[in-house]
There are 2 protein chains.
Amino acid sequence: MPRNKSDQNREEKRDEIVTAARSLFIKDGFEATPINRLARAAGVSANTIYWYFKDKDEVLVAVLDGELNARMTEYLKVTFTNHTERLLWVVNQLEEVSLLVSTVHTRLQSSAAINVWHERFHAMTEGLLRAEMQTLGVASEKMDALVKISVFAVEGLLSHDVSGSDKTSICEALATGW
Amino acid sequence: MPRNKSDQNREEKRDEIVTAARSLFIKDGFEATPINRLARAAGVSANTIYWYFKDKDEVLVAVLDGELNARMTEYLKVTFTNHTERLLWVVNQLEEVSLLVSTVHTRLQSSAAINVWHERFHAMTEGLLRAEMQTLGVASEKMDALVKISVFAVEGLLSHDVSGSDKTSICEALATGW
DNA sequence: CATTCTCTTGAATGGCAATCAAGGAGAATT
DNA sequence: AATTCTCCTTGATTGCCATTCAAGAGAATG
């Protein structure tokens, strides 16, 4: 609960900017969205964005947090028949925000904020994946390697434009071994 | 053999620029190397670079071709005791040019020239890898999936800063199955 | 009513890739 | 030898972009 009207407006306004940013970053991409366009879409001037956010990367982090939250909520509601299905679902979700994914990997190097977000994201997803794979009976010595291979494979699928059937067989191979 | 002195100079000058670019792009990164700095390092003015190259990406492609050539020559000379060794060798080579690797994945999206180079690179490496894995007795139905998983895993290793022991166990898992 | 705090904006600033416009230097043609 | 032509080089400019500066307006507070 905000302490006063001023704080309330602050959050609302911030959210409006994030909402506009989410739509533009996902549809056109972060790099293809100058601050000015974002400002116009949010109905403010460019400088107003800098009142609410330190820089463009901080807007991106807010968008990422929002998307992650929404998709994680979704994830917890879905039940999967097997691990292959689960991986394919994740790939599909990430493909809907593939421009965000590649932007994160790009800006990682130059933005500390994005770097931190990325690390947390990996820690979280690797944790979830490890738990799932334990129930599948993956040997603990190979666990770390297999978790990372799975994560890297999913990331590769997102950035390398692979046929649908290859996607399926890759997820199957990850889930069932060779 | 160049047809005249003019052509000869042209190639030499081009090479000087590429040599300077190679060193800067590998050490500092492509994005952190403005055309002006590159020009100074090559002993020419910025515009001269645009006489020899269409744009900055074309310089990058020339650098990539040179590095690829050098490392492929090296690769053909080395003999490996097993597939794990081979994968680790490749990872080590790529780590020496990790800034180039991440730049390629970044500029892929905005530069047609880099995109083409990247596709060729993948076609080549996947071809080599497939041949190796055939000798290891990988089932042909799973071949495409396993090749791509290996490539994606190697790319993941490069961009995600993984401990040395994890690198080894990942390459082992890729080489021996799970 | 003066002061301060929150918010907003138009106008810089500075970095960068890329282009323009103006030559110079040597080879080929007259 | 003079002229033209082609290759090469460069200083100055353009245009895009993120970010900062400087100047306020309006509400809240003393």
Side-chain angles (χ1 to χ4, degrees), chain A residues 2-18 20-21 24-25 28-63 99 103-104 106-115, chain B residues 2-18 20-21 24-25 28-63 99 103-104 106-115:
Chain A
R3 282 187 319 214
N4 55 42
K5 188 182 158 193
S6 182
D7 279 2
Q8 171 116 36
N9 283 340
R10 182 172 180 87
E11 292 227 340
E12 279 169 10
K13 197 65 166 282
R14 211 184 129 103
D15 275 355
E16 280 169 28
I17 294 170
V18 173
L24 288 171
F25 289 175
D28 300 340
F30 175 85
E31 294 84 354
T33 305
I35 279 283
N36 263 305
R37 203 202 310 282
L38 171 55
R40 229 178 303 125
V44 297
S45 87
N47 295 10
T48 298
I49 294 175
Y50 285 96
W51 177 255
Y52 292 96
F53 300 91
K54 186 178 145 299
D55 55 23
K56 213 183 155 192
D57 288 308
E58 200 174 286
V59 181
L60 177 57
V61 168
V63 167
L99 289 181
T103 295
V104 166
T106 295
R107 300 213 48 73
L108 194 45
Q109 303 153 48
S110 47
S111 159
I114 305 293
N115 194 0
Chain B
R3 284 185 320 212
N4 54 42
K5 186 182 158 194
S6 180
D7 278 2
Q8 172 115 36
N9 283 340
R10 181 172 181 85
E11 292 226 343
E12 279 169 11
K13 197 66 167 278
R14 211 184 128 104
D15 274 354
E16 281 170 28
I17 294 169
V18 172
L24 288 171
F25 290 176
D28 300 340
F30 175 85
E31 294 84 352
T33 305
I35 280 282
N36 263 305
R37 202 202 310 282
L38 170 56
R40 227 177 305 126
V44 298
S45 86
N47 294 10
T48 299
I49 294 175
Y50 285 99
W51 177 255
Y52 291 97
F53 301 90
K54 186 178 145 297
D55 54 23
K56 213 183 154 193
D57 289 308
E58 200 174 286
V59 182
L60 177 57
V61 168
V63 168
L99 288 181
T103 294
V104 167
T106 295
R107 300 216 45 77
L108 193 47
Q109 303 153 48
S110 46
S111 158
I114 304 294
N115 194 359

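In what follows, every chain begins at residue 1, and chains take the letters A, B, ... in the order their sequences are listed. Bear in mind that the values here come from a model prediction, so they are computed numbers and not experimental data.
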J.: Of the options D/dT10, D/dT20, C/dA17, whose atoms approach the side-chain atoms of B/S45 most closely?
T.: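 Output: D/dT10.
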J.: Pairs of donor and acceptor atoms involving the side chains of residues 34-44 of chain B, under 3.5 Å and at least two apart or interchain, shall be tabulated with distances.
T.:
residue: B/R37; atom: NH2; partner: B/A32; partner atom: O; Å: 3.4

J.: Identify which nucleotide among C/dT9, C/dC16, D/dC17 has an atom closest to any side-chain atom of B/P34, counting heavy atoms from C-beta outward.
T.: C/dC16
J.: Let me know the distance between NZ of B/K56 and P of C/dT19, rounded to the nearest Å.
T.: 14 Å
J.: Tell me if a side-chain donor or acceptor on B/T33 pairs with a main-chain N or O of B/G29 at a distance below 3.5 Å.
T.: yes
J.: Which of these nucleotides, D/dC7, D/dT19, C/dT6, is closest to any side-chain atom of B/W51?
T.: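 Nucleotide nearest to B/W51's side chain: D/dC7.
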J.: C/dT6 phosphate, OP1 or OP2: any side-chain N/O from A/K13 under 4.0 angstrom?
T.: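 False: A/K13 side-chain N/O out of range (4.0 Å or more) of C/dT6 OP1/OP2.
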J.: What is the separation between atom CD1 on B/I17 and atom P on D/dC8, rounded to the nearest whole Å?
T.: 11 Å
J.: Does B/K13 qualify as a cation-pi partner of B/Y52, given the criterion of NZ or CZ under 6.0 Å from the six-membered ring centre and within 45 degrees of its axis?
T.: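 Pair B/K13/B/Y52 does not count as cation-pi.
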J.: Let me know the distance between CG of A/D55 and C1' of C/dG15, rounded to the nearest Å.
T.: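 Computing the A/D55:CG to C/dG15:C1' distance gives 16 Å.
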J.: Given 3.5 Å as the limit, does a donor-acceptor pair link the side chain of B/S111 with the main chain of B/R107, or not?
T.: no
J.: Whole angstrom is fine here: how far is it from CG in B/N36 over to C1' in D/dT13?
T.: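 Result: 13 Å.
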J.: Hey, does the side chain of A/T48 come within less than 4.0 Å of C/dC7's phosphate (OP1/OP2), counting only N and O?
T.: no
J.: Check whether any side-chain nitrogen or oxygen of B/Y52 sits under 4.0 Å from OP1 or OP2 of D/dT9, and answer yes or no.
T.: yes
J.: Using only atom types and a distance under 3.5 Å, with no angle test, would you say the side chain of A/K56 pairs donor to acceptor with the backbone of A/F30?
T.: yes
J.: Whole Å only: how far is the CD1 atom of A/I49 from the C1' atom of D/dC17?
T.: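 Value for this atom pair: 13 Å.
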J.: Rounded to the nearest angstrom, tell me the gap between atom CD in A/E31 and atom P in D/dA18.
T.: 10 Å
J.: Between D/dG26 atom P and A/N9 atom CG, what is the distance in whole Å?
T.: 16 Å
J.: Whole angstroms only, please: what is the CZ-P distance between B/R10 and D/dT6?
T.: 15 Å
